[in-house]
Amino acid sequence: MNHKLLFSGLLTALLMSSCAPKHYQLKSVERSRITIDSRYDQNPDQAAVKFLEPYKRVNDSIMGPVLGQVAHNMHADRPESDLTNLLSDILIWAAKDYNEQPVMAVYNKGGIRADLTKGDVTYGDVLDVAPFENKICFTTLTGEKLMELFRQIAYRGGEGVSKGVELVIKMDGGKGELVSARLHGQEIDPQAEYRIATLNYVLEGNDGMPAFLDGTNSVRPEDASNNTRFLIMNYFREMQAKGIVVDAQVEGRIKVQE
């Protein structure tokens, strides 16, 4: 019994000493950067290739199908860009399937996570561009609230807006101020109502556009098929069926005053 107690005491002391604070001191730090580029494709590890092959076939079968083509490289940028213009216009294009006729659309730049490269556009490419579960939705803003929205867009230095929006902003210290706003060639009527297409994330007032919180008669389709990635895919499929290569351009929807 005494031996057991002695062993137990020694074990407890050992554990306590192992948990006691250690006074270590950092003497130096070394680091290196490994560039991962095409050189690693020249001599692939054959065992790894063989292991990944069945998964690659499945992945390629899902991500590889071509949906359509783009005429040039497209990148999302502020105050305006070809890709933000394209995606905003796609929301307008898709509205017909919801019996909606919005006068404009807003697609937030923060929801665009990849570029499109000239040539074929695949399922995987669209998934990279729109990886979130954002869904199309519709709301109505008064002209007064629409001007508030335009001021918020100006403050952010621009967002994706559809054809027909004409904003002039001036920048100061990275923040923008709205100079003027027109929609389809007309001044904004503060008392009128404007139907707008956007994403549910934006409709909730996110990405610096809380004016959307004052929207009325909002429609929020919930089914997964309403996800923006599927709308984008459907758009490319239709253009491909018509033999059209998609070609969006920067066209002065949001101009920065010098």
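Predicted model, so just to flag it, every value in this text is computed and none were measured. Index from 1, following the sequence.
- More than 12 heavy atoms of other residues, nucleotides or ligands shown are found within 6.0 angstrom of CZ on Phe132.
- Note that the CD1 atom of Ile90 and the CZ atom of Phe236 stand 5.5 Å from one another [nearest 0.5 Å].
- Here the straight-line distance linking atom CD of Glu193 with atom CG of Leu141 works out to 9.5 Å at 0.5 Å rounding.
- Within the structure, side chain to side chain donor-acceptor pair (under 3.5 Å) contacts touching residues 162-178 (residues at least two apart or in different chains) are Lys163-Glu251.
- In this structure a side-chain-to-backbone donor-acceptor pair under 3.5 Å is present from Thr198 to Val106.
- Here the closest non-hydrogen pair linking Ala154 and Leu178 is CB-N, 3.6 Å.
- Transitive grouping of hydrophobic side chains (ILVMFWY, heavy atoms separated by less than 4.5 Å) keeps Val168 and Val250 in distinct clusters.
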Could you pull out every donor-acceptor pair under 3.5 Å between side chains of residues 185-192 and any protein atom, sequence neighbours left out?
residue, atom, partner, partner atom, Å
Glu187, OE2, Arg182, NH1, 2.8
Asp189, OD1, Gln191, N, 3.0

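- In plain terms, the two heavy atoms of Gly158 and Ile254 that are nearest each other are CA-CD1, 4.0 Å.
- To the nearest 0.5 Å, atom CD1 of residue Ile112 and atom OG of residue Ser88 are 7.0 Å apart.
- What you find for Pro221 and Cys137 is that their closest heavy atoms are CD-CA, 4.2 Å.
- With hydrophobic clusters built from ILVMFWY side chains whose heavy atoms lie under 4.5 angstrom apart, Met209 shares a cluster with Met147.
- At a threshold of 4.5 Å between side-chain heavy atoms, the hydrophobic network of Ile, Leu, Val, Met, Phe, Trp and Tyr places Ile92 and Leu146 in two separate groups.
- At least one side-chain heavy atom of Phe150 sits under 4.5 Å from a side-chain heavy atom of Val165.
- Under a cut-off of 6.0 angstrom, the local environment of CZ in Phe230 is crowded, with over 12 non-hydrogen atoms contributed by other residues, nucleotides or ligands.
- Counting heavy atoms of neighbouring residues, nucleotides and ligands inside a 6.0 Å radius, atom CD of Gln101 does not exceed 12 of them.
- Linking Ile, Leu, Val, Met, Phe, Trp and Tyr residues whenever their side-chain heavy atoms come within less than 4.5 Å places Met63 and Ile232 in a single cluster.
- Residue Asn234 holds its CG atom at 10.5 Å from CE of Met239, rounded to the nearest 0.5 Å.
- The structure places CD of Glu204 at 5.5 Å from CG of Asn200, a figure rounded to the nearest 0.5 Å.
- Taking every heavy atom of both residues into account, Val70 and Thr117 meet most closely at CG2-O, 3.2 Å.
- Closest non-hydrogen pair, Leu86 versus Ala248, comes out as CB-CB, 3.8 Å.
- Applying the salt bridge (charged side-chain N to carboxylate O under 4.0 Å, His left out) test to residues at least two apart or on different chains, the pairs with a partner in residues 212-227 are Lys145-Asp214.
- Between the Arg113 side chain and the Pro131 main chain, no donor and acceptor come within less than 3.5 Å of each other.
- In this structure, Ile244 is a member of the same hydrophobic cluster as Met233, with clusters built from ILVMFWY side-chain heavy atoms closer than 4.5 Å.
- Sequence neighbours left out, not one pair with a member in residues 177-216 passes ring pair (Phe, Tyr, Trp, His ring centres under 6.0 Å).
- Other residues, nucleotides and ligands contribute over 12 non-hydrogen atoms within 6.0 Å of the NZ atom of Lys96.
- Residue Asn227 comes nearest to Arg229 through the heavy atom pair OD1-N, 2.9 Å, listed as atom of the first residue, atom of the second, then distance.
- Legend: residues meeting ring pair (Phe, Tyr, Trp, His ring centres under 6.0 Å) with Tyr98, ordered by chain and number and at least two apart, are Phe138.
- Note that the CD1 atom of Ile196 and the CG atom of Leu91 stand 12.0 Å from one another [nearest 0.5 Å].
- Residue pairs meeting the side chain to side chain donor-acceptor pair (under 3.5 Å) criterion with at least one partner in residues 67-81, sequence neighbours excluded, are Gln69-Asp120, His72-Asp247, His72-Gln249, His75-Asp115, Arg78-Glu159, Glu80-Asn85, Ser81-Thr84.
- Annotation: Glu144, atom CD; neighbour count of heavy atoms from other residues, nucleotides and ligands within 6.0 Å does not exceed 12.
- Heavy atoms of other residues, nucleotides or ligands lying less than 6.0 angstrom from CD1 of Ile36 number more than 12.
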